[in-house]
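Data block below; observations after.
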Amino acid sequence: MQRYFINQNADSLQRFSIIDKGDIHHILNVMRYQIDDEIIITFSDQSVYKCKINNIATNEIEIELVEQIDIDSELPQNITICSGLIKADKYEWLLQKATELGASEFLAVGMKRSVVKLNESKVTKKLERWQKIIKEAAEQSYRLAIPSIAYKASLKEVFQQSDLYDYILIAYEDAAKQGEVSNLKRMIKQFQPNDRVLVIFGPEGGLADEELALFSENSYQVGLGPRILRAETAPLYVLSTISYEVELLD
């Protein structure tokens with residue numbers, strides 16, 4: 001059953017309308033749903049309901065709540081994936097898969113060694129496209145919330161918001177080259193529910209020394225195993241490891 005998001009809190013006594021143009025198009029022209037068909041709706045309070053379509057119009061689809069569904073598909077921690085800008089197709093793939101794996105937020109950052117440069121005039125358009133990819137991935141993977149994404153012109157802007165996070169981890173390839181294998185697991189063991197965790201990844205060229213120096217006193221460098229991972233693969237490794245340690249082992 002197809003799933004959609006509505007940016008309102010659920011109320012079993014109220015009827016709701018889907019007004020997002022993309023969702024309406026998907027419901028009518030892709031899924032070809034009709035009146036009395038059922039869909040799944042996730043509300044902004046993260047409650048999930050099976051709903052029945054009561055009425056279809058060109059600019060809205062009216063639905064009625066039928067049955068609440070008990071589901072918990074979110075990671076216990078809020079994981080922010082902060083990565084240097086990489087080639088468009090690779091970054092979009094990263095957003096899709098990292099959303100499926102439970103990331104809560106993305107920061108796309110113009111880092112010193114980023115080959116890709118994002119013109120300020122194109123930021124808004126890019127963010128809209130990236131948010132659409134994230135939303136579709138969240139629907140597909142039965143997430144209870146749609147991750148957010150923001151653009152930062154440099155890692156210094158991220159550093160200025162360091163106090164927002166309980167932990168800051170830096171995936172540093174030199175740590176892997178030197179055989180460091182325990183820090184990531186050790187840090188995950190310390191995570192508590194609802195902790196905010198920032199994980200920083202460099203672009204294809206890696207992190208510059210001055211970027212690493214910014215976080216020298218408030219972060220932990222972690223190796224990601226004995227193999228050197230691509231910029232678009234490393235975040236998926238970290239999210240998978242966190243999921244295994246905090247969701248599956250217990």
Side-chain angles (χ1 to χ4, degrees), residues 1-75 78-79 81 83 86-106 108 122-151 232-233 235-236 239-240 243 247-248:
M1 197 175 297
Q2 189 63 34
R3 176 177 296 232
Y4 302 93
F5 286 90
I6 286 183
N7 190 27
Q8 298 180 59
N9 290 338
D11 182 347
S12 59
L13 302 178
Q14 182 179 343
R15 291 187 177 183
F16 294 87
S17 291
I18 296 172
I19 58 174
D20 182 274
K21 292 180 180 179
D23 289 343
I24 293 173
H25 170 77
H26 192 270
I27 290 169
L28 300 182
N29 301 317
V30 179
M31 302 304 298
R32 298 188 181 278
Y33 284 132
Q34 300 176 353
I35 291 175
D36 291 334
D37 283 340
E38 292 183 335
I39 57 178
I40 303 294
I41 296 293
T42 301
F43 292 86
S44 57
D45 59 3
Q46 298 194 2
S47 58
V48 182
Y49 280 83
K50 180 189 295 183
C51 298
K52 183 177 70 173
I53 297 175
N54 281 342
N55 189 50
I56 296 174
T58 56
N59 59 349
E60 68 174 351
I61 295 175
E62 185 183 287
I63 58 173
E64 176 184 353
L65 278 60
V66 174
E67 176 187 1
Q68 186 167 11
I69 300 173
D70 185 18
I71 184 172
D72 182 9
S73 56
E74 296 300 305
L75 283 173
N78 297 293
I79 310 297
I81 300 297
S83 52
I86 58 177
K87 295 179 180 179
D89 57 336
K90 293 181 178 180
Y91 190 63
E92 291 177 359
W93 181 83
L94 161 61
L95 292 176
Q96 181 187 65
K97 301 310 175 187
T99 297
E100 293 176 18
L101 287 168
S104 299
E105 180 185 25
F106 297 95
K122 297 181 179 180
V123 169
T124 299
K125 187 175 181 180
K126 275 291 187 183
L127 288 174
E128 289 175 354
R129 175 172 173 78
W130 290 339
Q131 192 67 66
K132 182 175 184 291
I133 291 169
I134 292 167
K135 176 178 178 293
E136 291 173 351
E139 291 171 344
Q140 182 275 326
S141 56
Y142 278 32
R143 292 288 303 272
L144 299 182
I146 303 174
S148 62
I149 184 165
Y151 169 71
E232 69 272 22
T233 310
L236 309 186
L239 288 166
S240 298
S243 174
E247 295 182 310
L248 301 184

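None of the values given here were measured: they were computed from a predicted structure.
- Annotation for A145 and A138: closest pair O-CB, 4.1 Å, computed over non-hydrogen atoms.
- In this structure, I24 CD1 and S17 OG are separated by 9.0 Å, a value rounded to the nearest 0.5 Å.
- Not a single donor-acceptor pair under 3.5 Å links the side chain of S47 to the backbone N or O of F43.
- Proximity of D23 to I6: side-chain heavy atoms (C-beta onward) are nowhere separated by under 4.5 Å.
- The minimum heavy-atom distance linking Y33 with I56 is given by the pair O-CD1, 4.0 Å.
- K135 has a carboxylate O that lies under 4.0 Å from a charged side-chain N of E139, or vice versa, which qualifies the two as a salt bridge.
- A salt bridge is absent between K87 and E232; no separation between the charged side-chain nitrogens and carboxylate oxygens falls under 4.0 Å.
- Side-chain contact between I41 and F16 is absent, with no heavy atoms from C-beta onward closer than 4.5 Å.
- For L101, the side chain to side chain contact (heavy atoms under 4.5 Å, CB included) criterion is met by L236, L239, S240, not counting sequence neighbours.
- Annotation: side chain of Q131 is in contact with side chain of I146 (closest heavy-atom distance under 4.5 Å).
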Hey, can you pull the donor-acceptor pairs under 3.5 Å for the side chains in residues 62-74, sequence neighbours left out?
unit_1 : atom_1 : unit_2 : atom_2 : d
E62    : OE2    : R15    : NH1    : 3.2
E64    : OE1    : N54    : ND2    : 3.1
Q68    : OE1    : Y49    : OH     : 3.4
S73    : OG     : Y142   : O      : 2.5
E74    : OE1    : R143   : NE     : 3.2
E74    : OE1    : R143   : NH2    : 2.8
E74    : OE2    : R143   : NE     : 2.8
E74    : OE2    : L144   : N      : 2.8

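- Nearest heavy-atom pair, I81 versus A103, reported as atom, atom and distance to 0.1 Å: CG1-CB, 3.9 Å.
- Other residues, nucleotides and ligands contribute more than 12 heavy atoms inside 6.0 Å of the CG atom of D89.
- Atom CZ of R129 and atom CD1 of I149 lie 11.5 Å apart (nearest 0.5 Å).
- Contact detail for Y4 and H26: the closest heavy-atom pair is OH-ND1, 2.8 Å.
- Here E38 contributes atom CD and C51 contributes atom SG; the two are 9.0 Å apart, rounded to the nearest 0.5 Å.
- Interatomic distance, M1 CE to M31 CE, rounded to the nearest 0.5 Å: 10.0 Å.
- Two residues are said to be in side-chain contact when any heavy atoms from C-beta on lie closer than 4.5 Å; V48 and R3 meet this criterion.
- Within 6.0 Å of atom CD1 in I19, 12 or fewer heavy atoms from other residues, nucleotides or ligands are found, so the atom counts as exposed in its surroundings.
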Run the side chain to side chain contact (heavy atoms under 4.5 Å, CB included) test on N7 and D20 for me, step by step, so that the C-alpha distance in whole Å, both residues' side-chain angles and the decisive distance to 0.1 Å come before the verdict.
CA-CA 10 Å; N7 190 27; D20 182 274; over 6 Å; no

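- Contact check for Q34 versus I53: no side-chain heavy atoms found under the 4.5 Å cut-off.
- Inter-residue side-chain proximity for F106 and T99 is flagged as met; some heavy-atom pair is nearer than 4.5 Å.
- Remark: N9 CG to D45 CG distance equals 4.0 Å, nearest 0.5 Å.
- Between K97 and E100 there is a salt bridge, since a side-chain N of the basic residue sits under 4.0 Å from a carboxylate O of the acidic one.
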